[in-house]
Protein chains: 2
Amino acid sequence: MEYIEAKEKFISTWGSLGSLWGINKAMAQIQALLFISTKPLSMEDIMHDLKISRGNTSMNLRQLMDWGIVTKVLVSGERKEFFTTEKDVQELARIVAKERSRREIKPVIKVLEEVSSIKDDGTEKTKELIIQTKALKDLTDDLDTLMNKLVNQKQNWLTKSVLKLMK
Amino acid sequence: MEYIEAKEKFISTWGSLGSLWGINKAMAQIQALLFISTKPLSMEDIMHDLKISRGNTSMNLRQLMDWGIVTKVLVSGERKEFFTTEKDVQELARIVAKERSRREIKPVIKVLEEVSSIKDDGTEKTKELIIQTKALKDLTDDLDTLMNKLVNQKQNWLTKSVLKLMK
DNA sequence: TTAAACTTTCAATAATTATTGAAATTTTGT
DNA sequence: ACAAAATTTCAATAATTATTGAAAGTTTAA
């Protein structure tokens, strides 16, 4: 497999995987492109390389910056803006985990809390609703806590955690 | 909040959260409905309750059964089929984690492996592609291993793991 | 201050994904 | 073996989501 084929394979796989870590295809592809680039890229570079429109590039770059995954860099002597992504995979995972917790998990926990604390009217179905949503709330809470714990251990958190659980 | 409102809130929240755990809205809503039901439900019950078509109900029930989340139960004296879902949240999490690993994560690891093992032609961009996809492969591998480790500890795995990591 | 370079916005459109519903198929009781 | 009951299939359609591209807006160099 040659460079160009490998590059395309990586970008398209990462793009279609976007849903797994909660972002859309174009966003994931832009991030992938920056991730394997040896230098910062301009909007022009990105739109030509990925064959997507200027508008699309602009919107998705902004989203990536909102997530904190991509940052603008100034290239001296250049008028246009250049972009780069976090290159350390562990730091990347940390950012993604934090954002998903904040954007998706925390709000769900809140709803589960509300639902599980309705008044028990004594009927079987109400009891079941309360019991089950409470259990789901506790599980989600635990998973969220675990994820944030993992992710806040800076140095080699993953390897350390895996080792801990293995023994 | 009354039962009916709480029930609807739970089902719609869980439904829109489907994407978080990798299934579609109808699938997630059917699972949610079964999850808080005190007894197995028929296809008829489900389609009326969620106001979705017979075809949709049938297809999504089959998918839930493929995932191993929902099972058919025989109700004596009844001709039609009844369905129920796994009621234990930890077991549910275990099933979901296993399936996502198998369906999504493992295939990605395979691609990353292929891409990261292309021939190093000495150019800087090829070196970068190899380094970065290798790092991503290692991370994904570690996360997958960690997830499966967590999920294979039957009794109270989550609480135990969280405690372990906290100290 | 001006105009070229660059970026953003957003209504229109395209692409994708989910849902319907009726016909075909399968299952079951008699 | 038959027909009623139940389920599945799938082409058509609807709903959702992503993308375009051109106009509007912003920045910068001279």
Side-chain angles (χ1 to χ4, degrees), chain A residues 11-34 40-67 69-84 103-104, chain B residues 11-34 40-67 69-84 103-104:
Chain A
I11 290 174
S12 87
T13 303
W14 207 241
S16 64
L17 198 72
S19 66
L20 193 66
W21 52 296
I23 67 176
N24 74 30
K25 203 182 81 182
M27 244 176 107
Q29 290 190 344
I30 293 172
Q31 198 277 328
L33 178 63
L34 292 172
L41 301 178
S42 69
M43 229 170 71
E44 209 81 1
D45 295 334
I46 296 168
M47 52 182 281
H48 286 136
D49 208 321
L50 299 179
K51 292 171 180 63
I52 59 178
S53 71
R54 189 175 296 281
N56 201 3
T57 308
S58 169
M59 283 164 90
N60 284 106
L61 273 173
R62 169 206 276 277
Q63 280 210 77
L64 284 163
M65 288 189 284
D66 286 348
W67 272 70
I69 291 170
V70 162
T71 45
K72 278 185 189 165
V73 287
L74 289 172
V75 173
S76 60
E78 284 280 6
R79 186 151 160 183
K80 51 174 165 281
E81 296 172 322
F82 285 76
F83 301 89
T84 195
R103 293 168 192 242
E104 300 173 274
Chain B
I11 289 174
S12 86
T13 302
W14 206 240
S16 64
L17 197 70
S19 65
L20 191 66
W21 52 297
I23 66 176
N24 74 29
K25 203 182 82 181
M27 242 177 109
Q29 290 190 343
I30 293 172
Q31 198 277 329
L33 178 62
L34 291 172
L41 301 178
S42 68
M43 228 170 72
E44 208 82 2
D45 294 335
I46 295 168
M47 53 182 281
H48 286 137
D49 208 321
L50 298 179
K51 293 172 180 61
I52 59 178
S53 71
R54 189 176 295 283
N56 201 5
T57 309
S58 169
M59 286 165 88
N60 285 104
L61 272 173
R62 169 206 275 277
Q63 282 211 74
L64 284 164
M65 287 189 286
D66 286 348
W67 272 71
I69 291 170
V70 162
T71 45
K72 279 185 189 167
V73 287
L74 290 171
V75 173
S76 59
E78 284 280 6
R79 185 152 161 183
K80 52 172 165 280
E81 296 172 321
F82 285 75
F83 302 89
T84 194
R103 293 165 191 244
E104 299 173 273

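So you know, we letter chains A, B, ... as the sequences are listed, proteins then strands, and number each from 1.
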For this session: For E44(A), answer base if it contacts any base atom (sugar-phosphate contacts may also be present), sugar-phosphate if it contacts only those atoms, and nothing otherwise; contact means non-hydrogen atoms under 4.0 Å.
Result: nothing
Exercise. Just to confirm, is there a sub-4.0 Å distance from OP1 or OP2 of dT7(C) to any side-chain nitrogen or oxygen of R62(A)?
Worked result: no
Seminar exercise, completed: I23(B) atom CD1 is separated from dT17(C) atom C1', nearest whole Å, by 15 Å
For this session: Please give the angle, rounded to 10 degrees, between the axes at the start and the end of the helix from dT1(C)-dA30(D) to dT30(C)-dA1(D), where five pairs define each axis.
Result: 20°
For this session: Can you tell me the distance, in whole Å, between the NZ atom of K80(A) and the C1' atom of dT26(D)?
Result: 17 Å
Exercise. Would you say the side chain of D45(B) lies within less than 4.5 Å of the side chain of F82(B), judging by non-hydrogen atoms?
Worked result: yes
Problem set entry | Among dC6(C), dG21(D), dA18(D), the one nearest R79(A) by side-chain distance | dC6(C)
For this session: Check every strand shown and say whether R54(A) touches a base, only sugar-phosphate, or nothing at a heavy-atom separation below 4.0 Å.
Result: base
Exercise. Can you tell if the side chain of E81(A) reaches within under 4.5 Å of the side chain of M43(A), non-hydrogen atoms only?
Worked result: no
For this session: Report the distance from atom CZ of R79(B) to atom OG of S42(B), rounding to the nearest 0.5 Å.
Result: 14.0 Å
Exercise. Mapping K72(A) and K25(A) to their closest nucleotides on DNA chain C, which lands nearer the 5' end?
Worked result: K72(A)
Exercise. To the side chain of S58(A), which of dC6(C), dT7(D), dT8(C) is closest?
Worked result: dT8(C)
For this session: Specify the separation, in whole Å, of atom CG of N56(B) and atom P of dG21(C).
Result: 11 Å
For this session: Using a 4.0 Å heavy-atom cut-off across all strands, classify N24(B) as base, sugar-phosphate, or nothing.
Result: sugar-phosphate
For this session: Calculate the interatomic distance between M47(B) atom CE and dT8(D) atom C1'; express it in whole Å.
Result: 13 Å
Exercise. Could you give all pairs that pass the side chain to side chain donor-acceptor pair (under 3.5 Å) test and reach residues 55-64 of chain B, with sequence neighbours left out?
Worked result: N24(B)-N60(B)
Exercise. Whole-Å distance between dT7(C) C1' and M59(A) CE?
Worked result: 13 Å
For this session: State, yes or no, whether a side-chain contact exists between T84(B) and L34(B) at a heavy-atom distance under 4.5 Å.
Result: no
Exercise. Are Q31(B) and W14(B) close enough that a side-chain donor and a side-chain acceptor fall under 3.5 Å?
Worked result: yes
For this session: Give the rounded distance in Å between these two atoms: CE of M43(A) and C1' of dT26(D).
Result: 13 Å
For this session: Side chain of S53(B) only, please: which of dC6(C), dT7(D), dT20(C) is the nearest?
Result: dT20(C)
Problem set entry | 5'-most by nearest nucleotide on DNA chain C - E78(B) or G55(B) | G55(B)
Seminar exercise, completed: Between CD of Q29(A) and C1' of dA18(D) the distance, given in whole Å, is 12 Å
Exercise. Whole Å only: how far is the CG atom of D66(B) from the C1' atom of dT8(D)?
Worked result: 14 Å
For this session: State, to 0.1 Å, how close G18(A) and A28(A) come at their nearest heavy-atom pair, and which atoms those are.
Result: CA-CB, 4.0 Å
